[in-house]
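Just the heavy atoms: all of them, side chains too, but no hydrogens, waters or symmetry mates, feed the values below. So you know, we letter chains A, B, ... as the sequences are listed, proteins then strands, and number each from 1.
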2 protein chains.
Amino acid sequence: MNLKELSLRIGLSQTTVSRALNGYPEVNEATRRRVLEAAKQYNYSPNTRAKSLATGQALAIGHVIPMSTKHEMVNPVFGDFIAGAGETYSRNGFDMVLSIVPDRDEESVYREFKAKGNVDGLIVHGPRMNDSRIDLLNEIGLPFVVHGRASGQTLPYSWLDVNNTSAFKRATEFLLDLGHRNIALINGLETMDFAYRRRKGFERAMAERGVATNPSFMRSDEMTEVYGYQTAQEMLRSENAPTAFLVASLISALGIRRAIQDAGLVMGRDVSVVTHDDMLSYLSNGDSVPVFTAARSSVRDAGALCAQMLIDIINSPNENPKSRLLEAELTVGASTGPAPNRG
Amino acid sequence: MNLKELSLRIGLSQTTVSRALNGYPEVNEATRRRVLEAAKQYNYSPNTRAKSLATGQALAIGHVIPMSTKHEMVNPVFGDFIAGAGETYSRNGFDMVLSIVPDRDEESVYREFKAKGNVDGLIVHGPRMNDSRIDLLNEIGLPFVVHGRASGQTLPYSWLDVNNTSAFKRATEFLLDLGHRNIALINGLETMDFAYRRRKGFERAMAERGVATNPSFMRSDEMTEVYGYQTAQEMLRSENAPTAFLVASLISALGIRRAIQDAGLVMGRDVSVVTHDDMLSYLSNGDSVPVFTAARSSVRDAGALCAQMLIDIINSPNENPKSRLLEAELTVGASTGPAPNRG
DNA sequence: GCCATCATTCAAAGCGCTTTGGTTCCGATT
DNA sequence: AATCGGAACCAAAGCGCTTTGAATGATGGC
């Protein structure tokens, strides 16, 4: 069923039917009702391709998922982010189109998105430091919102981010308050902007209290369970092992807990752990009582907010870039306790 | 840059340019080269919307992600599946469009996909038993491939699935061979077809060896870490605790391992664990030595294969439904050992 | 009763592409 | 020389929608 057929059956012109359906004022209310009725009856939905060809709007938003060619890892955060964004899109009549792209091809994909005209804007995932994509998108002229930020970027752009620096600063302070001085930082890949900021927060808190950081207890890698396990195991075996771990991901924190238990130690008594928690739906941090003391911030909510920002930008272009900084919430769980007295 | 402009600059008609770009034979090779050259020079990519309006092909494939309204959980498997599928799509010039849909709205979404014409086909995720979506899609006439199967479905349809029954049967036999008799099954939600099949495999192996199953040691729920932890904890505390756990997900297995350790037991010695492993990129099961004995099957590969199947179906319709059954591979890790002798 | 006004409706152009049904040109056939 | 056929190209229609510009009645003021 297309517009032509529908209008034929109703006995009206395509123009009027189209206007009735799209809520234009110059159509009689009685007529509009008739049209809406018929549309429902015949199960009519306008063809998106035709519609967007006519309007110049794609009614779709792109997500480019960079796929590192080296470490073939899909960001585990991604599913939840998409879920949050997707709901917002549906509510606003947008489709979501996904591109999985080997990171070296990224530039051409963005250009193609513009040329092919199949999205009205896009969300930039996983910003790196001095991320070149931001300049590129500005040059291309495609509206976008960055999930995260790109340190070193001078031109203004729209973004939504968790305040990683303050979250990790506060988490560090929490450990320092408990008496911990020998704190390990198990960070994400520091090519990623968020990881850089988290380290900054950690270092700032340590510096402010005059506590030295130990470079051999600061690691940076992809945040798997095994990474957490191996790193923690190694550190716990070392001379002068850390009494506390500050971790960038709940998944790695699981590995750290395992290493602690393997070493015959008790988490929360012998060794403390504070982690960042993206509140992934399949990885809840305990039920009523949180297992880990954590800086929490819902990635899913972030997805919904990013989507809304982008839609606003698309609907009213020429405005200045917007940004939004979310604060993570520190929730105290069973994984932290006072620093043990070392003989 | 659009076709009109491009052909004007080259000094050819739109027809010829279009044909040159699309590889039609009735164009002089020298001309074709000239056209391709110019296209590259001006960075021309045809507008997808126009192209698909003209051809009737959407050049896109839909993924409907059902979002349970009760348990707001995003299937953790999803990211990896998408990654696999996405690569195949790009290679074939297809876009991937995602819809996050509250499960009660699913039917209307499928109908809309057809009416709006923005996809050429779709992948059905998370099939349930007697899943009504299959009949619906057949009725609507939209090509589709199911990732998994729907027991109770009589009409033929295309699917790709892991042989869950045989995987769990074999895993159970492995435990039985080790002398275990008291085996717990920590299953996924049994409204899901895969979970039903896994239980069947478990029960069948037990029955064949004449070992009774214990209903209070067979659980079914969403596969979170906490679910594994709590369930295992409870079972381990009970009279006559199981000596082995058969688990449907590596994530829940992590929780089970935690419960085992909390109980002061050693996994692989006091209690054995075999898990299904979807080989998610961020949850690798150990590095060289697998941590868990596991039935492994890459969800990412499944995504790539599903995508290819669907593209084949789209390209040559009217053929009979195709299907593909993958066998999971049983890899022995450190989490299993002979059944302990109980005093 | 007449013309301006307004509320409704419509025909047709246009979005950027593919594709049908030519047309043109040139060498080969008779 | 007239005709044919094939290679190479082109004009224009059509995909299903929106939107411009115009038409049609009905209404109301004078």
Side-chain angles (χ1 to χ4, degrees), chain A residues 1-36 38-39 42-60 93-95 112-120 315, chain B residues 1-36 38-39 42-60 93-95 112-120 315:
Chain A
M1 172 67 57
N2 59 23
L3 185 61
K4 192 170 166 186
E5 278 173 60
L6 182 66
S7 48
L8 234 53
R9 302 222 183 171
I10 309 185
L12 284 170
S13 73
Q14 296 189 38
T15 311
T16 306
V17 173
S18 168
R19 293 195 147 141
L21 292 171
N22 290 309
Y24 280 69
E26 60 268 71
V27 40
N28 189 302
E29 271 314 314
T31 314
R32 187 191 307 278
R33 271 196 300 279
R34 233 174 78 216
V35 170
L36 289 173
Y42 295 114
N43 219 319
Y44 168 80
S45 319
N47 181 303
T48 320
R49 309 183 310 253
K51 184 167 188 156
S52 64
L53 182 57
T55 57
Q57 285 236 316
L59 291 176
F94 280 82
D95 281 333
E112 261 182 37
F113 259 144
K114 173 70 174 186
K116 298 198 302 179
N118 46 1
V119 301
D120 295 318
N315 287 338
Chain B
M1 172 68 56
N2 60 21
L3 186 61
K4 192 169 167 188
E5 278 173 59
L6 182 66
S7 47
L8 233 55
R9 302 221 183 173
I10 308 184
L12 284 170
S13 73
Q14 296 188 39
T15 310
T16 306
V17 174
S18 169
R19 293 197 147 139
L21 291 172
N22 290 311
Y24 280 68
E26 58 266 71
V27 41
N28 189 302
E29 271 314 314
T31 314
R32 187 191 306 279
R33 271 197 299 280
R34 232 175 78 215
V35 169
L36 289 173
Y42 296 114
N43 219 318
Y44 169 79
S45 319
N47 180 303
T48 320
R49 308 184 309 250
K51 182 167 190 158
S52 64
L53 183 57
T55 58
Q57 284 235 319
L59 291 175
F94 279 82
D95 280 333
E112 261 180 39
F113 260 143
K114 174 69 174 186
K116 298 199 298 177
N118 46 1
V119 302
D120 295 319
N315 287 338

### Query
Taking atom P of D:dA7 as reference, at what distance in whole Å does atom CZ of B:Arg32 sit?
14 Å

### Task
Measure the CG-OG distance between A:Leu21 and A:Ser45 for me, rounded to the nearest 0.5 Å.
10.0 Å

### Query
What is the distance from CG of B:Leu21 to P of D:dC9, rounded to the nearest Å?
14 Å

### Message
Measure CE/B:Met1 against P/C:dC17 and give the value in whole Å, please.
### Response
11 Å

## Note on the structure
Of the listed D:dT18, D:dT20, C:dC15, the closest approach to the A:Leu53 side chain comes from C:dC15

### Message
Can you identify which nucleotide, out of C:dC10, D:dG14, D:dG16, has its nearest atom closest to the B:Ala54 side chain?
### Response
D:dG14

### Task
Send over the distance from B:Lys116 NZ to D:dC17 P, rounded to a whole Å.
13 Å

### Task
Name the closest nucleotide to the B:Leu3 side chain, picking from C:dT18, D:dG16, C:dT9.
C:dT18

### Task
Could you work out which one of D:dC17, C:dT19, C:dC10 sits closest to the side chain of B:Thr15?
C:dT19

### Minimum-distance pair of heavy atoms, taken over all atoms of A:Tyr44 and A:Leu3
CE1-N, 3.5 Å

### Task
Round to a whole Å and report the spacing from CG of B:Asn22 to C1' of C:dG16.
13 Å

### Task
Quickly work out the B:Tyr24 OH to C:dC17 P distance and round it to whole Å.
15 Å

#### Entry: From D:dC9, C:dA11, C:dG16, nucleotide with atom closest to B:Arg19 side chain
D:dC9

### Task
Using a cut-off of strictly less than 4.0 Å, decide whether A:Asn28 has a side-chain nitrogen or oxygen near OP1 or OP2 of C:dT8.
yes

### Message
If you only use heavy atoms from C-beta on, which nucleotide in C:dC10, D:dC17, C:dT20 is closest to the side chain of A:Leu12?
### Response
C:dC10

### Query
Whole-Å distance between C:dG16 P and A:Lys51 NZ?
18 Å

### Task
Check every strand shown and say whether A:Thr55 touches a base, only sugar-phosphate, or nothing at a heavy-atom separation below 4.0 Å.
sugar-phosphate

### Message
Under 3.5 Å, is there any donor-acceptor pair linking the side chain of A:Thr31 to the base of C:dT8?
### Response
no

### Summary
Heavy-atom closest pair (B:Gly56 atom, B:Asp120 atom, distance to 0.1 Å) is O-OD1, 4.5 Å

### Query
Any side-chain N or O of A:Ser13 less than 4.0 Å from the OP1 or OP2 oxygen of C:dC10?
yes

#### Entry: Atom-to-atom span, CD of B:Gln14 to P of D:dC10 - whole angstrom
11 Å

### Message
Measuring from atom OG1 of B:Thr31 to atom CD1 of B:Ile10, what distance do you get when rounded to the nearest 0.5 angstrom?
### Response
10.0 Å

### Query
Which of these nucleotides, C:dT19, C:dG16, D:dT18, is closest to any side-chain atom of A:Ser18?
D:dT18

### Task
Decide yes or no for B:Lys51 and B:Asn22: does some side-chain heavy atom of the first lie under 4.5 Å from some side-chain heavy atom of the second?
yes

